Amino acid sequence: MAVQKPSVPKGTRDFSPVEMVKRNFIFDTIKEVFKRFGYLPIETPSMENLTTLMGKYGEEGDKLLFKVLNSGDYLSKVKSDLTKAESTKLTSEISEKGLRYDLTVPFARFVVQHLNEITFPFKRYQIQPVWRADRPQKGRYREFYQCDVDVIGSNSLLNEVELIQIIDQIFQKLNVNAEIKLNNRKILLGIAETINAKDKFIEFTVALDKWDKIGSEGVKNELIKSGFSESQIEDIFSVINVIDQDNKHKILFLKRMLIDSETGLRGIEEVETVLNYFETLPLNIELELDLTLARGLNYYTGAIFEVKAKDVAMGSLCGGGRYDDLTGVFGLKDVSGIGISFGADRIYDVMEQLNIFPNEIVASTKVMFVNFGEKEEKYCLPLLQKLRENGINSEIFPDSAKIKKQMTYANNKNIPFVILVGESEMEKGILTLKDMINGDQSEMIFEELLQKLS
RNA sequence: GUGGUUGUAGCUCAGUUGGUUAGAGCGCCGGAUUGUGGUUCCGGAGGUCGGCGGUUCGAGACCGCUCUUCCACCCCA
């Protein structure tokens with residue numbers, strides 16, 4: 001067989017040790033905050049039954065699902081005429097499993113399936129990869145990690161408040177300058193009602209969502225294409241006119257505009273309640289009511305969120321919202337949930353671009369023993385063990401290679417301290433400690449070393 | 001999925017209208033310095049020019065297909 005060039009599939013990546021350390025820094029930070037707010041972890045399989053996945057993400061979403069071919073002689077059970085090109089029909093006959101597309105739908109399935117073991121409200125977090133057969137671009141991968149927090153079985157707006165606090169804390173800890181955009185699907189529904197376009201709600205939200213990308217003319221053209229009338233468009237644009245106002249003015253305006261829409265008014269009230277909590281709660285991150293925020297996922301019914309980096313052009317770093325009936329399709333009615341999802345890979349890309357990963361995280365070893373030979377090894381090993389017992393990450397170079405090579409190794413690995421114990425040190429019962437940052441070298445006994453490093 | 005774009009050493013990139021043995025910087029390895037890295041000096045290794053096929057006396061360069069990258073649309077973390 002010809003030698004093949006090693007490669008990974010489109011949109012997937014390997015992660016080097018340095019990259020992993022940085023990625024883990026993000027995961028650990030996120031996890032820490034999730035736990036701080038009382039969320040517990042779960043995991044679900046990479047694969048779900050296609051029946052669980054299909055139809056939850058809209059028509060486009062179905063196309064982006066990675067489907068797993070049935071095992072064995074999968075063609076033998078096919079009833080379709082194979083001479084006809086009917087991919088969609090054939091797919092359902094040769095594939096019954098698919099890779100998960102997000103963590104929210106598997107979570108909904110989990111909740112219904114384990115109903116008897118769960119106490120509500122159920123607060124869970126989940127950090128796992130998801131797969132989408134999308135065309136890759138920067139910040140867009142076919143395999144990427146989502147970090148979800150959801151609470152299901154509670155209607156309280158306190159959950160909305162809590163998720164905003166979680167977003168605030170995570171981005172503060174990561175030192176990423178970001179802003180939260182908040183909206184409410186009920187408000188959007190109210191607007192659609194008021195302008196008599198309830199039947200074109202999806203078209204309306206899709207067009208509106210593009211506002212910051214294609215501008216007013218672009219949105220107008222989209223709306224015309226979708227069949228909106230002049231007067232409807234005019235009404236929609238009166239909403240957009242308050243785009244630069246502060247949150248309070250937007251709410252005032254909406255209250256007047258949506259006076260006849262019960263749903264719309266409820267949406268406004270929800271938003272107002274949430275924002276009011278933050279009158280007295282300090283928030284680091286900017287929280288803006290963005291009336292053009294819509295989000296494509298149609299299972300959202302209340303609050304919707306999106307987080308964007310302020311210093312870097314990148315898709316959203318975090319998104320989510322309230323869904324009133326996601327468990328409905330699995331047979332559990334009237335259970336409301338709300339959740340958000342952090343895109344770890346995008347957060348990584350942003351932090352890498354801004355070069356804001358703390359330097360310390362790359363150094364995992366604190367001190368390295370230079371290896372001088374067999375006799376010295378035997379002398380050092382017990383000392384090494386004591387360091388480790390005291391929680392100090394330490395290693396000894398495995399070969400008695402040239403000192404130069406060993407020092408280079410320590411230097412490249414960002415190890416801040418090196419210990420040299422050769423014949424003369426052994427005789428005197430001391431160690432030579434070298435500080436790799438400033439090059440200083442000093443002799444000391446083991447107890448002093450322990451004190452210095454702990 | 002539609003349209004476009006990219007690929008040359010481990011990394012970042014040169015490479016003339018198709019013409020001898022494909023270059024640089026950084027990194028890597030070795031030496032100057034046999035107990036000292038990060039600075040300096042000297043030397044060295046490393047390439048199926050993304051892959052397959054074609055045109056040509058001759059292809060890194062031209063053509064076809066394919067894979068990959070990035071971009072726009074779509075959608076989204």
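Since the structure is predicted, the reported quantities are computational estimates derived from the model, not experimental observations. A, B, ... follow the sequence lines: proteins, then strands. Residue 1 opens every chain.
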J.: Side-chain N or O of A/Q406 versus OP1/OP2 of B/rG37: is the shortest distance under 4.0 Å?
T.: no

J.: Taking B/rC49 as the reference, what is the distance to B/rG15 when you measure between their C1' atoms (whole Å, please)?
T.: 11 Å

J.: How are the rings of A/Y299 and A/Y323 set relative to one another: parallel (under 30°), tilted (30 to 60°) or perpendicular (over 60°)?
T.: perpendicular

J.: Using a heavy-atom cut-off of 4.0 Å across all strands, would you classify A/Y141 as base, sugar-phosphate, or nothing?
T.: base

J.: Starting the side chain at C-beta, find the nucleotide from B/rA77, B/rG3, B/rG35 nearest to A/R346.
T.: B/rA77

J.: With no hydrogens and no angle check, just 3.5 Å: does a side-chain donor-acceptor pair link A/S454 and A/N390?
T.: no

J.: If you pin A/P9 and A/L64 to their nearest nucleotides in RNA chain B, which one's is more 5'?
T.: A/P9

J.: To the nearest Å, how far apart are A/Y299 OH and B/rC76 P?
T.: 10 Å

J.: Can you label the angle between the A/Y57 ring and the A/Y101 ring as parallel, tilted or perpendicular, going by 30° and 60°?
T.: tilted

J.: Count the heavy atoms of every other residue, nucleotide or ligand shown that sit under 6.0 Å from CD of A/E448, and state whether that count exceeds 12.
T.: yes

J.: Using the C1' atom as the reference point in each nucleotide, state the distance between B/rG60 and B/rU48 in Å, no decimals.
T.: 12 Å

J.: Are the charged groups of A/E19 and A/R13 less than 4.0 angstrom apart, N to O?
T.: no

J.: Starting at atom CD of A/Q126, determine the distance to atom C1' of B/rA77, rounded to an integer number of angstrom.
T.: 15 Å

J.: Tell me what A/D345 touches on the nucleic acid: a base, only sugar-phosphate, or nothing, going by heavy atoms under 4.0 Å.
T.: nothing

J.: Taking RNA chain B as the partner, which of residues 437-454 of chain A come within under 4.0 angstrom of it by heavy atom?
T.: A/I437, A/G439, A/Q441

J.: Which nucleotide wins on minimum distance to the side chain of A/S341, given the candidates B/rG1, B/rA77, B/rG37?
T.: B/rA77

J.: Using the C1' atom as the reference point in each nucleotide, state the distance between B/rC71 and B/rC11 in Å, no decimals.
T.: 23 Å

J.: What's the CD-P distance between A/E60 and B/rC76, to the nearest Å?
T.: 9 Å

J.: How is A/C147 classified with respect to the nucleic acid when contacts are heavy atoms under 4.0 Å: base, sugar-phosphate, or nothing?
T.: nothing

J.: Rounded to the nearest Å, what distance is computed from the NZ atom of residue A/K225 to the C1' atom of nucleotide B/rC74?
T.: 12 Å

J.: So, applying side-chain contact (heavy atoms from CB on, under 4.5 Å) with A/L53, which one of A/D102, A/L65, A/D62 is it?
T.: A/L65

J.: Return the nearest nucleotide to the side chain of A/S316; candidates are B/rA77, B/rG35, B/rG37.
T.: B/rA77

J.: Using a strict threshold of under 4.0 Å (side-chain N to carboxylate O), is an ion pair present between A/K63 and A/E60?
T.: yes

J.: A/L317 has an atom CG; how far is it from atom P of B/rA77, in whole Å?
T.: 11 Å

J.: Tell me whether A/K200 at atom NZ has more than 12 heavy atoms from other residues, nucleotides or ligands lying less than 6.0 Å away.
T.: yes

J.: When you compare B/rC65 with B/rC26, how far apart are their C1' atoms, in angstrom units rounded to a whole number?
T.: 36 Å

J.: Provide the distance between the two P atoms, one in B/rG4 and one in B/rU8, to the nearest whole Å.
T.: 23 Å

J.: Provide the closest heavy-atom pair for A/T29 versus A/K173 in the form atom of the first, atom of the second, distance.
T.: CG2-CB, 3.5 Å

J.: What orientation do A/Y409 and A/F397 show, parallel under 30°, tilted 30 to 60°, or perpendicular over 60°?
T.: perpendicular

J.: In whole Å, what separates the C1' atom of B/rU6 from that of B/rA72?
T.: 15 Å

J.: Taking the C1' atom of each, how far is B/rG25 from B/rA14, in whole Å?
T.: 11 Å

J.: When we call it a touch if two heavy atoms are under 4.0 Å apart, what does A/G315 touch: a base, just sugar-phosphate, or nothing?
T.: nothing

J.: Record whether the side chain of A/K10 comes under 3.5 Å of the base of B/rU68 through a donor-acceptor pair of N or O atoms.
T.: no

J.: Tell me whether the rings of A/F204 and A/F201 are parallel (<30°), tilted (30 to 60°) or perpendicular (>60°).
T.: tilted

J.: Strictly by modelled atom types, are A/T12 and A/E143 linked by a side-chain donor-acceptor pair under 3.5 Å?
T.: no

J.: As a test of reading the structure: which of B/rC75, B/rC71, B/rA77 is closest to the side chain of A/K138, going by heavy atoms?
T.: B/rC71

J.: Using a cut-off of 4.0 Å on non-hydrogen atoms, how would the nucleic acid contact of A/G61 be classed: base, sugar-phosphate, or nothing?
T.: nothing

J.: Using modelled atom types only, decide if a donor and an acceptor are shared between the side chain of A/N49 and the backbone of A/T51 within a distance under 3.5 Å.
T.: no

J.: To the nearest Å, give me how far apart CD1 (A/I127) and P (B/rA77) are.
T.: 16 Å

J.: Identify which nucleotide among B/rU36, B/rC75, B/rG1 has an atom closest to any side-chain atom of A/Y101, counting heavy atoms from C-beta outward.
T.: B/rC75

J.: Consider the side chain of A/Q137, meaning its heavy atoms from C-beta on, and name the nucleotide among B/rA72, B/rG37, B/rG35 that approaches it most closely.
T.: B/rA72

J.: Hey, is the side chain of A/N412 poking within less than 4.0 Å of OP1 or OP2 on B/rC28, counting only N and O atoms?
T.: yes

J.: Measure up the A/F237 and A/W211 rings against each other and bin them: parallel (under 30°), tilted (30 to 60°), perpendicular (over 60°).
T.: perpendicular

J.: Once you round it to whole Å, what is the distance between P of B/rC75 and CD of A/E306?
T.: 13 Å

J.: Tell me whether the side-chain N/O atoms of A/K402 come closer than 4.0 Å to OP1 or OP2 in B/rG31.
T.: yes

J.: Would you state whether a donor and an acceptor, one from the side chain of A/N411 and one from the base of B/rG38, lie under 3.5 Å apart?
T.: no

J.: Where the side chain of A/P136 is concerned, which of B/rC28, B/rC70, B/rA32 is the nearest nucleotide?
T.: B/rC70

J.: Dot-bracket, RNA chain B: Watson-Crick or G-U, under 3.5 angstrom, [ ] crossing, | other strand?
T.: ((((..(..((((.....[...)))).(((((.......))))).....(((((..]....))))))..))))....

J.: Choosing from B/rC29, B/rC74, B/rA77, which nucleotide comes nearest the side chain of A/K405?
T.: B/rC29

J.: When you match A/Y145 and A/A133 each to their closest nucleotide on RNA chain B, which lands nearer the 5' end?
T.: A/A133

J.: Check if the side chain of A/S424 and the base of B/rG35 share a donor-acceptor pair of N or O atoms closer than 3.5 Å.
T.: yes

J.: Using a cut-off of 4.0 Å on non-hydrogen atoms, how would the nucleic acid contact of A/G11 be classed: base, sugar-phosphate, or nothing?
T.: sugar-phosphate

J.: Would you jot down, in residue-number order, the residues of residues 201-213 of chain A having a non-hydrogen atom under 4.0 Å from RNA chain B?
T.: A/V206, A/K210, A/K213

J.: Between B/rC76, B/rU36, B/rC28, which nucleotide gets closest to the side-chain atoms of A/M407?
T.: B/rU36

J.: If you count the non-hydrogen atoms of other residues, nucleotides and ligands that lie under 6.0 Å from CD1 in A/I202, is the total more than 12?
T.: no

J.: With C1' as the reference atom in both, quote the distance from B/rG46 to B/rG27 in angstrom, rounded to an integer.
T.: 12 Å

J.: Please determine whether a side-chain nitrogen of the Lys or Arg among A/R295 and A/D209 lies less than 4.0 Å from a carboxylate oxygen of the Asp or Glu.
T.: no

J.: Evaluate whether the aromatic ring of A/F144 and the six-membered ring of the B/rA77 base sit under 5.5 Å apart, centre to centre, with an inclination under 30°.
T.: yes

J.: Choosing from B/rC74, B/rA77, B/rU36, which nucleotide comes nearest the side chain of A/R140?
T.: B/rC74

J.: Using whole Å, what does the distance between atom P of nucleotide B/rU36 and atom NZ of A/K434 come to?
T.: 9 Å

